[in-house]
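We count ligands from 1, going down the list as the structure has it; atoms in each ligand are counted the same way.
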Amino acid sequence: MLAEAGEYSKDGNMSKIGNETTKKKGGKSEETPRNIVVAARIRPMNDSEKASGAMSICRADTINRAIILKNKSLTPFDRVYGPTASQKEIFDDLVKPSVQRAVRGYNCTIFAYGQTGTGKTYTMEGGNTSKEILSAAADPTTGLIPRAVEEIFTEINNLGTTEYTVRVSYVELYNEELTDLLAPNTPYVPDKKRLRIYEDENHKGSVVVQGLEQVAVTHRHDVFNLLKAGTEKRRTAATLMNASSSRSHTVFSVTITMKETNEIGDEEMLKVGKLNLVDLAGSESIGRSGAVGKTAKEAGLINQSLLTLGRVITALTVSSGQHIPYRESKLTRLLQDALGGSSITSLIATVSPASCNLEETASTLDYALRARNIVNKPTVNERVLGKVVLNSLAGEIDQLRKDLKAAHERNGIYLSKETYDRYETESQRAAELDEVCQKISRQLQQMADDLTLTDNSYFPLYKRAVQLEQRLQDRNEEISQLKMKEAEQQTKLQAYENTLIHVDLIANDLKKKLDEAVQVGQEQQLDLQDLKTKYDAMWKLANANKNAVTQARASITDSASAAIAALHQIREQFTTASTAQTQQFETTIDLIKTLLATQLGKTQTATREMQKTTEMELETQRKEAEQRLAEHEQRRQDANSQLESLRNSMEAVLKKTDASAQTVKDIIGQVTGQLEGFGKELQAARTEGIDVAMQAKERAEEETQKRLEQYRQSMNKLRAAAQLILTETAVMEKDEQEWQEAQVLEAQTTFEKATEVWQRTEDICRGHEDEVGESLGEIGRQTEQSRQEWKQMDGQAEEAVKQVKQTTDNIVQTVKLQMESDQKRSTAFGTAMKEKCGELEVQMEECKQNGDRHLEALLEQNNQHNTSQADNVASLYAKSEETCQQQTETVNTLVDSKWQHPTVTGQANHILQ
Ligand SMILES: Nc1ncnc2c1ncn2[C@@H]1O[C@H](COP(=O)(O)OP(=O)(O)OP(=O)(O)O)[C@@H](O)[C@H]1O
């Protein structure tokens, strides 16, 4: 089954034609009419296009089978191929079905049409420029011709036919002259005489080139070699467009003849199919190719033949019944069958994607789309009966034999009678025809002259129109590019503005953070002040406590001193009293002795009386002594009560001391509670992350104050710097914006000026071509200048954005560092605070313990002192009692001894005397 690709209806939809094939009597098949299949192929950008800065403005839309040229969609094509499409893809898709049909007896033609350098030869012959022969599988650039030949052999193999011939011919049409590229050993010489185009009698509408070499091939290598040899002969003209630009048309034909038997199997038929692969010359205009002199003539002729091709296409598509000017050029004559005939025809329009070739690309695609309207009626070539061929060949051989025999027998021109008669008739007819031909030729000459004249007058106009169109196009392009640039600049400006807004947001954010940091600083300061107040209160309390303790201590000391002083006084009183008593006793004894002596002197007479008196006196004295003892007792009791009161006062003092100690204890407890509360607060503050709240000690406070001052100063500095930066940024932004706006305005003015200049130039252009050139130059310069300015502006804008970003980064970094260092300082300060508090706690504890110890020592001292005082008093009391006892005893002894002891009596008497 044949591949169905390439079978399209006029609206571009696929339609199978296999079922619609009808078979006529005599084995000739006819198919329903079908349009020429048209494909477009875009080649990749080449180096010179890239180097010239051209843009790719052409792409293939395979889904819609359209070529998008700039913003315009050209459609419908039967196939579209982008720059990445492979040779294989195109062959399988487009050519293979034609090849298969050619093997089945159809005439098939594939055209490559397009501007010079767009890949016609590449598509047809391939990209292998080396001499090495590579298979299509090994060389992906292998062209359609070698692939087609390979496919022909494969297809024949598939059909299982053993009797077949494959012959190829390769003809070049250059300057309306045909050249056989396969003619052996002939240098390249246009062969006007040898090669002639005749109507094919067997195939109406087709032509044959008489005298053209038909080389039988059996392998694709043969084809490759023939192609190489033929290509070497091709005439190419160097033009500015393409150094190896082909200025000629070539037709590579493959004729396949296969033997087959009829349906009954009793007669042999010959089936002939043909595949034409046509590489047309470049379609570019003379002006664009830069061709001069002879080349210009070549270009003109090439264009003339292509113009005829265009006219044929137009005539074939515009209306039916119109004269088709096939005969106006050899190209259209050669391709007559492919254009509106019985051939299956495909056209590949090759185009460049580069913007510099826009005009040519558009015209090529337009040309191809017009050709798509041509309708052909594909027909299988009539099978020829083997016998008929044999008979005709036998008759021909017979005739030749007769001619040969006549030539052997006579001199001069020797012909058989039949041949001579036939020649006679034919020469008469030829003379008649010659006359008609000459007439027609004269008419044709006249028409050609007219055409040349018309062409001559038309051509400058056409050229000018093309130039003007080109300029208009260029101008439009410039305008659209300027507009695009303006849009780009607007976008950039917008982006820049967005960046500025973003930077502004960042700056605001930073400012906010700074404010927050300042607020936190202020809050911390407040916290510190609060803590300081607390600390002051605590310090005052501690001082008060200290004072209370000192006072208590002083009062205890005073009380103790007073007690000691009182005890001293009492002792002294006792001592004084005892001494006075003793003296008194001694005095009394002395007095008694005196009295006794007095008495003894007087009582001689009145012993009794004296005794009585003495007794009375003794009694009195005894009473006095008793009284004095009572007084002593009283005094002792007073001393005891004094001691008691002293003890009481001591106890009161002790109580007071206890109370003071209790107060101190309470204060200490309070302080401890406060410290605990403070510690808790500190803990809470630490938990909440307010590490700075640990500042309470004097040194720490000083340090904090100092650091706070530093911090405040640096904050102020930072704020001032940030403010300065913000102001500067704002100024810079404003300046930048103004500058940008000025630049935009300037660019717009420049653009408007350029537009004005362009407008003026447009006007002048109509009358003064030269001035247009200058204006164009001016516009170009101005455009270039504004482009440079834009570029510069871009650079400056970028630089400004960078600077702003850098400044912002610096601010962020500084703030970050500052915050980090502050945090560190706060943490260190917190730790120092904590340590200080610990120390304070230890000191307070020590102080408390010292106080306790001191109080205990004082109490101990007091107790000891009291005890020793009490002991002293007791011993004094005991002593005084003992003394009193002794004195009493002495007195008693003395009293007793007066009566019993002569010595004493004598003494008493003596005393008395
Ligand atoms: N599809 C493609 N892929 C890669 N290279 C390509 C393609 N088409 C063309 N080229 C390259 O572009 C150059 C010109 O191609 P080519 O000679 O086939 O153009 P042309 O249309 O035949 O020109 P001329 O009309 O002068 O004969 C060649 O070097 C060819 O290899």
Side-chain angles (χ1 to χ4, degrees), residues 39-52 54 56 58-60 62 67 79-91 93-95 110-130 134 136 139-147 170 172-174 181 227-228 230-252 277-286 288-291 295 298-299 301-303 305-306 309 331 347-354 356-357 360-361 363-365 367-368:
R41 182 182 197 184
I42 307 166
R43 71 150 161 74
M45 290 269 275
N46 63 30
D47 290 345
S48 65
E49 286 167 347
K50 283 181 197 158
S52 72
S56 175
C58 189
R59 68 176 176 84
T62 45
I67 295 288
R79 284 282 187 276
V80 288
Y81 301 105
T84 53
S86 67
Q87 299 280 69
K88 184 176 184 311
E89 187 184 339
I90 297 172
F91 177 77
D93 207 22
L94 196 75
V95 182
I110 314 285
F111 284 106
Y113 174 85
Q115 185 192 358
T116 292
T118 52
K120 298 184 294 295
T121 310
Y122 177 87
T123 303
M124 284 301 184
E125 294 177 15
N128 182 10
T129 48
S130 70
L134 297 166
D139 175 19
T141 67
T142 305
L144 301 182
I145 295 175
R147 282 176 196 272
Y170 198 11
E172 181 183 47
L173 177 61
Y174 174 67
L181 294 174
L227 260 178
K228 281 266 166 195
T231 308
E232 274 166 27
K233 286 189 180 181
R234 286 185 70 179
R235 173 69 54 93
T236 54
T239 67
L240 294 179
M241 288 289 287
N242 184 341
S244 61
S245 169
S246 169
R247 316 305 299 157
S248 63
H249 313 281
T250 59
V251 182
F252 186 87
L277 295 140
V278 185
D279 182 359
L280 292 170
S283 62
E284 67 283 349
S285 70
I286 305 164
R288 292 258 292 153
S289 72
T295 312
E298 286 172 12
L301 287 167
I302 289 156
N303 273 357
S305 73
L306 285 177
L309 183 63
L331 178 69
L347 184 140
I348 304 170
T350 57
V351 292
S352 147
C356 54
N357 292 319
E360 287 298 342
T361 303
S363 111
T364 302
L365 295 172
Y367 201 93

P83 side chain near R43 side chain, heavy-atom distance below 4.5 Å: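 The answer is no; the side chains never approach within 4.5 Å.
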Is the shortest heavy-atom distance from the side chain of I42 to the side chain of T361 under 4.5 Å?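 When only atoms from C-beta onward are counted, T361 and I42 do not touch, as no gap falls below 4.5 Å.
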Any [X] heavy atom less than 4.0 Å to ligand 1:
X    : answer
G117 : yes
N46  : no
E125 : no

Nitrogen or oxygen atoms of [X] and ligand 1 under 3.5 Å apart:
X    : result
D279 : no
T123 : no
T121 : yes
G119 : yes

Which heavy-atom pair separates V351 from C58 by the least distance, and what is that distance?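 Of all heavy-atom pairs spanning V351 and C58, the closest is CG2-SG, 4.3 Å.
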T141 to Q87 - nearest heavy-atom pair and separation: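 The pair with the smallest heavy-atom distance is O-NE2, 3.0 Å.
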Does one side chain, of E49 or S352, offer a donor that lies under 3.5 Å from an acceptor on the other?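 Note: E49 and S352 side chains meet the donor-acceptor criterion.
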Please work out whether any backbone atom (N, CA, C, O) or any side-chain heavy atom from C-beta onward of R41 is under 4.0 Å from ligand 1, and answer side chain, backbone, both or neither.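 Under 4.0 Å from ligand 1, R41 contributes side-chain atoms alone.
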Part of P44 with heavy atoms under 4.0 Å of ligand 1, whether side chain, backbone, both or neither: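 The side chain, only.
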With atoms numbered from 1 as shown, which atoms in ligand 1 lie under 4.0 angstrom from a non-hydrogen atom of [X]?
X    : value
K120 : 18 (O), 19 (O), 20 (P), 21 (O), 22 (O), 23 (O), 24 (P), 25 (O)
Q115 : 21 (O)
G282 : 25 (O)

Tell me which one of T123, I67, T62, D93 satisfies side-chain contact (heavy atoms from CB on, under 4.5 Å) with Y81.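 Answer to the side-chain contact (heavy atoms from CB on, under 4.5 Å) test with Y81 among T123, I67, T62, D93: D93.
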Applying side chain to side chain contact (heavy atoms under 4.5 Å, CB included), can you list everything that pairs with F91, at least two apart in sequence or on another chain?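 Expected list: V95, K96, V99, L144, R147, A148, E151.
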For the pair Y367 and Y113, name the ring-plane relationship: parallel under 30°, tilted 30 to 60°, perpendicular over 60°.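 Y367 and Y113: parallel rings.
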